[in-house]
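First up is the structure itself, then whatever we jot down about it.
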Amino acid sequence: MLMRFEPFRELDRITEELLSERRVRQVPVDAYRRGNELKVNLDLPSADPGSIELTVERDVLTVRATRTWQLDEGDEIQVAERAHGQFSRQLFLGESLDRDSISALYHDGVLTITIPVAEQAKPHKVEITHVGSVAEAVAAASVSTQSPSMEVGRPG
């Protein structure tokens, strides 16, 4: 359903992050299937709700959000461990997901994305057609060099 890791893309992201002044932090993700839906939870604590952006392009779902910290004039930072700025995460969607019916809900710092399983990917039963209950006799010509009194499979 989801491809979790693409090594070369991840290396490019890390290299860009190390060389750039503008750091984009990766968002932690949990994903699970519930019935005919794939649920994806992304941690975006204190993200500005208006900054959350969710886009789908081909097989890639991208989430972006920003967390800002407004200091008042005269504030002196004593400790600054929480990350601020732009956060991003890309997920690769499998063909079995319905990209046109994705929905999202942001609640208590968690963005929950619901992606329905495509109709053609859902399990379904296949009807079996029975051709009567009596075996039909099939005439076949024998090309065997064995004598007619021998049974096949037994030593002569």
Side-chain angles (χ1 to χ4, degrees), residues 1-138 140 153:
M1 298 240 165
L2 286 177
M3 189 164 82
R4 182 175 173 346
F5 181 71
E6 189 174 337
F8 296 110
R9 178 172 244 147
E10 188 68 9
L11 286 173
D12 288 345
R13 183 194 64 77
I14 291 169
T15 302
E16 181 180 327
E17 185 176 297
L18 291 172
L19 297 175
S20 173
E21 290 181 18
R22 192 183 121 227
R23 293 185 70 183
V24 176
R25 291 156 187 88
Q26 192 167 8
V27 178
V29 171
D30 289 333
Y32 58 95
R33 183 168 174 170
R34 178 180 287 162
N36 289 323
E37 297 177 329
L38 180 70
K39 298 280 189 174
V40 180
N41 294 329
L42 297 103
D43 285 345
L44 296 171
S46 302
D48 303 329
S51 76
I52 300 172
E53 183 180 293
L54 179 65
T55 58
V56 177
E57 185 177 344
R58 294 189 185 150
D59 295 340
V60 180
L61 179 131
T62 303
V63 178
R64 288 189 176 86
T66 303
R67 182 166 54 197
T68 57
W69 185 15
Q70 298 295 339
L71 295 173
D72 291 334
E73 190 174 323
D75 287 348
E76 293 180 20
I77 298 173
Q78 301 298 309
V79 177
E81 294 179 349
R82 296 180 29 200
H84 294 82
Q86 190 175 24
F87 294 78
S88 176
R89 186 67 187 251
Q90 287 188 322
L91 302 172
F92 298 88
L93 305 176
E95 292 180 16
S96 62
L97 298 173
D98 182 0
R99 292 160 186 77
D100 296 329
S101 301
I102 296 174
S103 62
L105 173 70
Y106 183 61
H107 179 69
D108 288 341
V110 177
L111 179 66
T112 300
I113 302 170
T114 302
I115 311 169
V117 174
E119 199 61 40
Q120 66 270 19
K122 291 180 183 175
H124 60 280
K125 289 188 176 190
V126 176
E127 186 177 325
I128 300 171
T129 304
H130 299 278
V131 185
S133 59
V134 178
E136 295 180 25
V138 177

* To do: Kindly determine whether Asp59 and Arg99 satisfy salt bridge (Lys or Arg N to Asp or Glu O under 4.0 Å), including the steps that lead there.
  => CA-CA 8 Å; Asp59 295 340; Arg99 292 160 186 77; 2.9 Å; yes

Taking all heavy atoms of [X] and all of [Y], pick out the closest pair and write down the distance.
{"X": "Val79", "Y": "Trp69", "answer": "O-CH2, 4.3 Å"}
{"X": "Arg64", "Y": "Ser88", "answer": "CG-OG, 4.0 Å"}
{"X": "Tyr106", "Y": "Leu44", "answer": "OH-O, 2.7 Å"}
{"X": "Ser101", "Y": "Pro116", "answer": "O-CD, 3.3 Å"}
{"X": "Val117", "Y": "Glu37", "answer": "CG2-N, 4.1 Å"}
{"X": "Gln90", "Y": "Thr62", "answer": "NE2-OG1, 3.2 Å"}

Nearest 0.5 Å please: distance from the [atom1] atom of [X] over to the [atom2] atom of [Y].
{"X": "Lys125", "Y": "Glu127", "atom1": "NZ", "atom2": "CD", "answer": "11.5 Å"}
{"X": "Leu54", "Y": "Leu111", "atom1": "CG", "atom2": "CG", "answer": "6.5 Å"}
{"X": "Ile102", "Y": "Ile113", "atom1": "CD1", "atom2": "CD1", "answer": "7.5 Å"}
{"X": "Leu42", "Y": "Leu91", "atom1": "CG", "atom2": "CG", "answer": "6.5 Å"}

* Does any non-hydrogen side-chain atom of Val110 lie less than 4.5 Å from one of Asp43? ->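 Yes, their side chains come closer than 4.5 Å.
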
* Is any side-chain heavy atom of Val63 closer than 4.5 Å to a side-chain heavy atom of Val27? ->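 Contact flag for Val63/Val27 side chains = no.
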
* Can you spot which of Ile115, Thr112, Thr114 makes a side-chain contact (heavy atoms from CB on, under 4.5 Å) with Ser103? =>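 Filter result, single survivor: Thr114.
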
* Asked: Taking the side chain from Arg67 and the backbone from Ser46, do they hold a donor-acceptor pair closer than 3.5 Å?
  ->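 No; judged by distance alone, with no hydrogens or angles, the pair does not exist.
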
* Asp98 side-chain N/O to Asp100 backbone N/O, donor-acceptor pair under 3.5 Å ->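 The answer is yes, because a donor-acceptor pair under 3.5 Å joins these two groups.
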
